[in-house]
Asks: 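My structure is below; once you've seen it, I'll send some questions.
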Amino acid sequence: QRFDRYREVAQQLLAAGQAYHCYCSKQELADMRAGQMARKEKPRYDGRCRHRTEPVPGVAPVIRFRNPESGQTVVHDQVHGDIVFENTELDDLIIARSDGNPTYNFTVVVDDMDMRITHVIRGDDHINNTPRQINIFRALGVEPPQYAHLPMILGPDGAKLSKRHGAVSVMQYREDGFLPEAVLNYLVRLGWSHGDQEIFSREEMLALFDIADVNKSASAINPDKLLWLNQHYIKTGDAARLGTELGWHLERLGVRVADPAQLAAVVRAQAERAKTFKDMAAASRFFFEAPQEYEPQAAAKNLNAETLPALRDVRERLAQLATWSASDIHAALEGCVAALGLKLGKVAQPVRVAVSGGTVSPPIDVTLEILGRDATLARLERAIRHAEAGNG
RNA sequence: GCUCCCUUCGUCUAGAGGCCUAGGACGGAGCCCUCUCAAGGCUUAAACACCGGUUCGAAUCCGGUAGGGAGCGCCA
C-alpha cells in the first residue's frame with residue numbers, strides 16, 4: 001500500500017537533512033509541555049534532538065520534520081487572503097511514529113504531491129495545519145497547491161455541529177422527508193451567495209459558484225429555511241417523480257398504495273400544505289385507506305343531527321353525478337348549499353370529516369375527485385350512520 | 001496560556017468610500033383572500049459589536065478593545 005511510499009519520502013527527507021530522528025520519551029515530552037504551559041508559552045517541541053548524532057540504544061526513534069527556524073510562511077488563502085505565520089511558532093512535527101507509520105500531516109502532503117493536487121478546499125479548522133504542510137512541500141521541492149478554507153457550519157444554536165445537532169447522515173434527510181435539491185440549495189447558500197438569489201438549480205450552482213464569493217464567517221443552520229426550500233421544491237417539482245417519493249414514505253407508514261397513479265394527484269393537491277414528505281404522507285393516508293375512526297371533536301361537531309340533512313343531500317347529488325370531476329363535484333356541493341340555504345362551510349366540513357376522519361384536507365372538491373366516487377359514497381354512508389347513531 | 005481565524009436584522013446574506021433613510025430571504029406581527037388547513041398577495045417590526053483614527057464623506061480603509069471559533073498529539 002502507500003506506506004512504502006511514505007517511508008520512502010521520509011527517508012528522502014532524512015537523507016537531505018530536512019528531517020531527523022528524535023529519541024525523546026513520551027514522559028519527557030509531557031514534562032516539556034507541562035513546563036511550557038506553566039510558563040504560559042505555547043506548548044511545542046523544543047528541537048532538542050535536532051543535532052543528535054548518535055542513536056540512543058534501545059529506543060525506537062520517531063522522525064521529525066525540520067521546520068525553518070526563522071522567517072515567515074504565508075498561506076495565500078483563496079477566501080481569507082494572505083495569512084502570515086512566524087516559522088518560530090511552528091515546531092518540528094513528527095512525520096513518522098516510532099513504529100514507522102506516517103502521521104496525518106505528512107501523508108496528506110505526500111498524497112497531494114503524488115496526485116498533483118492543484119487546489120485544497122477544506123474547513124477553516126485546518127488553517128493552522130497549512131503552514132506546516134507548506135513547509136514540507138517546500139522541503140520536498142514541490143510547489144504547494146492553492147488553498148481555500150471554508151467557514152464552518154454551526155448548529156441552530158450557534159454551537160459546533162455534533163452528533164447531537166443536525167442530521168448525522170445525509171440519508172437521514174430523506175427519511176425526514178427532504179428532497180435532495182432542497183438540501184443542496186440550502187447548503188450552497190451557507191457561506192456563499194449570488195446577489196439576492198435564493199433558488200438555485202444544480203445547473204445554476206455549477207455555473208454561478210465562485211470561490212471568490214465565499215464568506216469568511218461561520219454560519220448557523222436554520223431549519224425553518226430548509227423547510228421552506230423543501231416545500232418550494234415540492235410545489236414546483238415534477239409530480240410523477242414526487243409521487244414516487246410520497247409512495248416511499250407511505251410505505252414506511254405501512255400504508256398500501258393500491259393505485260400508484262393516484263400518487264401524483266395527491267402530491268399536487270398536498271404540495272402547498274406539506275413542508276416535508278413525511279408530513280405529507282401522514283396527512284394523506286386517508287386517500288389510500290378509510291379512516292379507522294373519526295377525530296372525536298371533529299365528529300361531534302360535524303357528524304350530528306344538525307348536519308345530517310346536508311350529508312344525505314350531498315350523497316344523493318354525488319351519486320347522481322354524470323362525471324366525477326372536481327368542477328362537477330363543486331357544482332353538486334353548491335347545489336346542496338343553495339337547496340338547504342347553508343354556507344359552503346356547513347356542507348364541506350362535514351363531508352371532509354366523513355371522508356378524511358379529520359378537519360384538514362385539500363379543497364373538498366379535489367379531495368373527492370382523487371378519492372373516487374365509490375370510496376366517497378361508502379365513507380359518506382358510514383358517516384351518515386354515525387350521525388344517526390349519535391342522534392338517537 | 002500562546003498562535004491563527006471571525007464579527008451587518010433572531011438566522012442566511014447583499015454591500016468593493018458617496019447609489020444606504022442599510023436591500024433581499026427564512027422566521028415573526030398585521031391585513032386581504034378563503035369550504036378546513038395551507039398556499040398566495042400586501043403591509044410591518046428587526047442589524048452595520050464597541051472605541052478611536054484616515055477622509056469633505058466610512059457598514060465599507062487603518063489601529064485598538066470586547067465577544068465568538070479553531071489549532072497547539074507518536075489523532076485525523
Side-chain angles (χ1 to χ4, degrees), chain A residues 22 24-26 29-30 33 36-45 60-64 75 77 79-81 83-86 88-91 93-105 107-108 123-132 149 151-154 156-160 186-199 213 215-229 231-232 234-235 269-275 283 298 302 330 333-334 337 342-353 356 358-365 367:
Chain A
C22 167
C24 296
S25 69
K26 292 191 182 186
L29 295 174
R33 262 191 282 273
Q36 287 163 334
M37 291 290 258
R39 273 174 274 126
K40 302 193 171 187
E41 290 170 10
K42 182 177 182 174
R44 46 138 95 74
Y45 182 66
V62 299
I63 301 175
R64 284 184 185 273
V75 179
D77 192 276
V79 350
H80 291 273
I83 305 172
V84 180
F85 292 85
E86 294 296 330
T88 51
E89 290 293 332
L90 277 17
D91 64 356
L93 70 158
I94 292 173
I95 59 177
R97 303 184 179 92
S98 48
D99 63 5
N101 290 143
T103 58
Y104 169 78
N105 274 112
T107 59
V108 295
D124 63 17
D125 50 337
H126 282 280
I127 287 181
N128 288 289
N129 281 338
T130 310
R132 304 166 178 283
H149 288 95
M152 311 267 265
I153 295 175
L154 276 18
D157 53 358
K160 193 180 162 192
Y186 180 71
L187 254 21
V188 81
R189 281 284 288 99
L190 245 32
W192 175 81
S193 64
H194 185 257
D196 286 339
Q197 189 171 344
E198 296 288 350
I199 305 297
D213 295 325
N215 285 158
K216 300 184 221 203
S217 53
S219 41
I221 285 180
N222 180 349
D224 285 332
K225 192 160 186 178
L226 207 209
L227 250 10
W228 173 77
L229 276 165
Q231 183 169 37
H232 168 81
I234 289 177
K235 287 192 293 188
Q270 297 277 224
E272 55 200 35
R273 67 206 85 236
K275 293 190 185 303
N302 295 286
H330 189 79
L333 291 177
E334 290 291 3
V337 165
L342 298 169
K343 295 247 193 185
L344 182 54
K346 288 294 182 188
V347 176
Q349 207 56 357
V351 174
R352 175 169 284 117
V353 176
S356 75
T359 56
V360 176
S361 88
I364 196 65
D365 47 3
T367 298

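Letters go in sequence order (proteins before strands), and every chain restarts at 1.
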Asks: Examine the base of B/C35 for any acceptor or donor lying under 3.5 Å from a partner atom in the side chain of A/Arg352, and report the outcome as yes or no.
Replies: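 Such a pair is found, so the answer is yes.
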Asks: Would the base of B/C74 count as contacting A/Thr103 through its side chain, where contact means a donor and an acceptor less than 3.5 Å apart?
Replies: no
Asks: Between B/U3, B/G73, B/C26, spot the one nearest the side chain of A/Ile94, thanks.
Replies: B/G73
Asks: Reading nucleotides 28-33 of chain B 5' to 3', which nucleotides get B (base under 4.0 Å from a protein heavy atom), which S (sugar-phosphate only), which -?
Replies: ------
Asks: Output all residues satisfying side chain to side chain donor-acceptor pair (under 3.5 Å) with A/Arg132, sequence neighbours left out; order by chain, then residue number.
Replies: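 Result, side chain to side chain donor-acceptor pair (under 3.5 Å) vs A/Arg132: A/Asp91.
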Asks: According to the Watson-Crick and G-U wobble definitions, with both distances under 3.5 Å, which nucleotide is paired to B/U55?
Replies: none
Asks: For the side chain of A/Pro363, starting at C-beta, report the closest nucleotide among B/U36, B/C26, B/C72.
Replies: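 Given the options B/U36, B/C26, B/C72, the side chain of A/Pro363 is closest to B/U36.
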Asks: Can you tell me which nucleotide in B/C35, B/A76, B/C74 comes closest to the side chain of A/Tyr104?
Replies: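 For the A/Tyr104 side chain, the nearest candidate turns out to be B/A76.
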Asks: What nitrogen or oxygen pairs link the protein and nucleotides 60-68 of chain B at under 3.5 Å?
Replies:
none

Asks: If only side-chain N and O atoms count, and only distance matters, is there a donor-acceptor pair under 3.5 Å linking A/Gln36 with A/Arg33?
Replies: no
Asks: For A/Val108, enumerate each residue passing the side-chain contact (heavy atoms from CB on, under 4.5 Å) test, keeping only those at least two apart in sequence or located in another chain.
Replies: A/Tyr104, A/Gln133
Asks: Which part of the nucleic acid, if any, lies within reach of A/Lys346 when heavy atoms closer than 4.0 Å are counted: base, sugar-phosphate only, or nothing?
Replies: nothing
Asks: Take nucleotides 4-18 of chain B nucleotide by nucleotide from the 5' end and write B, S or -, depending on whether a protein heavy atom sits under 4.0 Å from the base, only from the sugar-phosphate, or from neither.
Replies: SSSS--BBBSS----
Asks: Taking ring pair (Phe, Tyr, Trp, His ring centres under 6.0 Å) as the test, write out the residues that go with A/Trp228, two or more places apart.
Replies: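 A/Trp228: no ring pair (Phe, Tyr, Trp, His ring centres under 6.0 Å) contacts found.
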Asks: Could you work out which one of B/C35, B/A76, B/C74 sits closest to the side chain of A/Asn129?
Replies: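 When the side chain of A/Asn129 is considered, B/A76 is the closest of B/C35, B/A76, B/C74.
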Asks: For the side chain of A/Lys26, counting heavy atoms from C-beta on, which of B/C74, B/U3, B/U36 is nearest?
Replies: B/C74
